[in-house]
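This report concerns only the one structure given below.
Note that ligands are numbered from 1 as they come in the structure, with each ligand's atoms numbered from 1 the same way.
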Amino acid sequence: MKEKIDKIFEDIKQLNAKDLNELEQIRIYYLGKKGVLNALFDEFKTLPPEEKKIYGKQLNDLKNQLQNFINTKKEELESKSQAPTSKIDFSRPAQLFHSSSLHPISIVRNRIINIFARIGYDVAEDIEIEDDWHNFTALNFPPDHPARDMQDTFFIEKNPDIVLRTHTSSVQIRLMEKEKPPIRYIFPGRVYRNEAISSRSHVFFHQIEGLYVDHNVSFADLKDTLEYFAQSLFDKDTKIRLRPSYFPFTEPSAEMDISCNLCGGRGCSFCKNTGWVEILGCGMVHPNVLKNCGIDSDEYTGFAFGLGIERITNLLFSVNDLRLFSENDIKFLHQFSVLD
Ligand code: PHE
């Protein structure tokens, strides 16, 4: 027994394996079920008690040393096999890649939708190629209104009754024709006007419009809603101001200014030193419009408001050339990737 144990202690000092396969052979030879160690343990059982005392500890030591050798060697071989064989330089700085981003118009549209979603407005969308009824007549435009003029409106050549919608107010009509009050929607969309393209005007742009029709909807509700909106989109200290205006489809009508968000109302070149900037048109839905959609104007009232998304984007992100929004210049668009 003694010689056998000593021999294995000697062997351990010389043990080596050049790969995992060889190591496994060694393990099986010494520690496997039918291995050398198990044979020794079998022999050990037959020894008289006084010898058991001596060899028990030695056998356990032997087993531990073998196990240690196998474990450390295994780790060493495994980490070697994972080491790179190619000549890739892992210390080289990574190449930057550009993540995609939402278009600034989409960013602002989503922000506005979310603000109104919080106070119960659903989102609606409708067609861009409209008929005269939904774009003008039902909205109480008189037949000779200048907006119908060829200069503002794109008419479809073969049928002057069909137009590219000039505003999202056409969706007011489509909603009120379809649904009974209470009606509460926000509707974003693209609109078209026959204008010369410059930094300040374009043949198409985006609007968001809101409509709320129910019992007892008042001008105070409109004002309250718009103040909530302005303070949510801009600063919580933003002030609003309503100036009388005219739209055929609202009565009374107003235009809303907000305190200039660039100078905080003190006056700057952006607000032309007035401290105020105009952001939307609004008013109480004209009774004729309700009637045109089959809604009893004695029972129901409503308000509507509409704004240009490009204008708001200009105010929020200082983009002051409308053409940038449709040129798809990656250098322009990429600046908004941190915002969406
Ligand atoms: N449709 C109007 C425009 O394009 C905006 C507006 C919408 C005004 C709703 C009042 C109510 O200028």
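At least one donor-acceptor pair closer than 3.5 Å links the side chain of Ser253 to the backbone N or O of Phe247. The backbone N or O of Gly189 lies less than 3.5 Å from no partner atom in the side chain of Gln207, so there is not a single donor-acceptor pair.
No more than 12 heavy-atom neighbours from other residues, nucleotides or ligands sit within 6.0 angstrom of CG on Asn216.
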When you pair each N or O of ligand 1 with protein N or O atoms, which pairs come out under 3.5 Å?
residue  : atom  : partner : partner atom : Å
ligand 1 : 1 (N) : His167  : ND1          : 3.2
ligand 1 : 1 (N) : Ser169  : OG           : 2.9
ligand 1 : 4 (O) : Arg193  : NH2          : 3.1
ligand 1 : 4 (O) : Gln207  : NE2          : 3.0

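Residues Lys7 and Glu10 are not paired through a salt bridge, judged by the lack of any N-O separation under 4.0 Å between the basic side chain and the carboxylate. Using a 4.0 Å cut-off between a side-chain N of Lys or Arg and a carboxylate O of Asp or Glu, Arg311 and Glu278 do not qualify as a salt bridge.
Distance check: Arg200 CZ to Glu310 CD gives 14.0 Å after rounding to the nearest 0.5 Å.
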